[in-house]
Amino acid sequence: AGEVLAGVRSVIYRGTVVLEAAGGAGVALPRAKVGEEDGPFVTRDRRVQRYFQAKPTPGMARPAWWILGELLGELGAGGPFGSAGEAFAFLAREDARFAGLTYETLGVRGVVLPQAQPAGVSA
C-alpha cells in the first residue's frame with residue numbers, strides 16, 4: 001500500500017475495518033457495516049429497497065449516509081443529514097432517477113426504477 005500512496009498529498013480513509021493503508025491517512029472515517037445502519041440500496045434489477053439496522057453501531061463508526069452528509073456540509077453542497085431518510089430525500093432532489101421517491105414510499109418492498117432511455121430517445 002505504501003508504494004501506491006507514495007505520491008499522494010492527502011489521504012482520507014473511509015472503511016469498516018482499519019487497514020494498513022489507513023495508517024497514513026490524514027483523516028479516518030470509521031464507517032458502520034450494513035447491519036449496523038439503516039439505508040437504501042439498488043439491486044441489479046433497479047429495485048430501490050431499504051435495509052434496517054440489526055445491531056448497534058460500535059465505537060466511533062457512523063452510517064455511510066451520516067459521513068456523506070458531513071462531507072457535503074463541509075463543502076457547502078448539502079447536508080448534514082439527521083437520518084437515512086433525509087439523505088435519501090437529498091438524493092431524490094439531486095438525481096432524476098430517484099425523483100418523486102421518498103424513503104417512506106419505498107416501504108419494505110421497494111420500488112423499481114424506470115428503465116433509462118438512451119440519449120436522444122424520448123419515451
Side-chain angles (χ1 to χ4, degrees):
E3 305 84 42
V4 174
L5 300 175
V8 177
R9 291 184 354 187
S10 298
V11 175
I12 298 173
Y13 175 77
R14 181 193 66 91
T16 58
V17 296
V18 179
L19 302 174
E20 181 182 331
V27 176
L29 303 169
R31 199 196 116 207
K33 294 179 182 177
V34 170
E36 300 164 348
E37 65 179 357
D38 293 327
F41 67 99
V42 181
T43 69
R44 65 181 177 86
D45 298 323
R46 300 179 328 276
R47 179 176 291 279
V48 184
Q49 292 183 256
R50 290 174 60 179
Y51 56 89
F52 300 88
Q53 185 174 7
K55 61 183 184 174
T57 305
M60 295 183 65
R62 297 290 178 259
W65 58 260
W66 186 91
I67 293 171
L68 174 64
E70 292 296 313
L71 292 172
L72 288 172
E74 286 295 318
L75 296 171
F81 307 125
S83 68
E86 285 181 23
F88 188 80
F90 175 82
L91 173 67
R93 287 191 306 273
E94 297 295 318
D95 189 323
R97 294 172 293 182
F98 298 90
L101 294 178
T102 67
Y103 204 57
E104 291 74 27
T105 59
L106 292 180
V108 293
R109 298 193 62 167
V111 174
V112 176
L113 296 173
Q115 181 72 37
Q117 294 293 323
V121 176
S122 59

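Source: prediction; values computed, not measured.
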> Does any non-hydrogen side-chain atom of Glu94 lie less than 4.5 Å from one of Phe90?
Replying inline: yes

Minimum-distance pair of heavy atoms, taken over all atoms of [X] and [Y]:
{"X": "Thr105", "Y": "Val111", "answer": "O-CG2, 4.0 Å"}
{"X": "Thr16", "Y": "Ala32", "answer": "CG2-O, 3.7 Å"}
{"X": "Arg50", "Y": "Glu104", "answer": "NH1-CA, 4.4 Å"}
{"X": "Gly79", "Y": "Leu72", "answer": "N-CB, 4.4 Å"}
{"X": "Glu70", "Y": "Pro80", "answer": "OE2-CB, 3.2 Å"}
{"X": "Arg14", "Y": "Ala64", "answer": "NH1-CB, 4.5 Å"}

Any donor and acceptor pair, going by atom type alone, linking the side chain of [X] with main-chain N or O of [Y] inside 3.5 Å?
{"X": "Gln49", "Y": "Leu106", "value": "no"}
{"X": "Arg46", "Y": "Leu113", "value": "yes"}
{"X": "Tyr103", "Y": "Gly39", "value": "yes"}

>> side-chain contact (heavy atoms from CB on, under 4.5 Å) for Ile67 and Arg31? Distances and angles first, verdict last.
In response: CA-CA 8 Å; Ile67 293 171; Arg31 199 196 116 207; 3.8 Å; yes

> Hydrophobic clusters join Ile, Leu, Val, Met, Phe, Trp and Tyr when side-chain heavy atoms are under 4.5 Å apart, directly or via other members; which others share one with Phe41?
Replying inline: Val34, Tyr51

> Which residues pass the side chain to side chain donor-acceptor pair (under 3.5 Å) test with Asp95, sequence neighbours left out?
Replying inline: Arg97

> Relative to each other, are the rings of Phe98 and Phe88 parallel, tilted or perpendicular (30° and 60° limits)?
Replying inline: perpendicular

> Which residue pairs pass the side-chain hydrogen bond (donor to acceptor under 3.5 Å, both in side chains) test when at least one of the two sits in residues 53-69, sequence neighbours left out?
Replying inline: none

> With hydrophobic residues grouped by side-chain heavy-atom distances under 4.5 Å, do Leu68 and Leu91 end up in a single group?
Replying inline: no

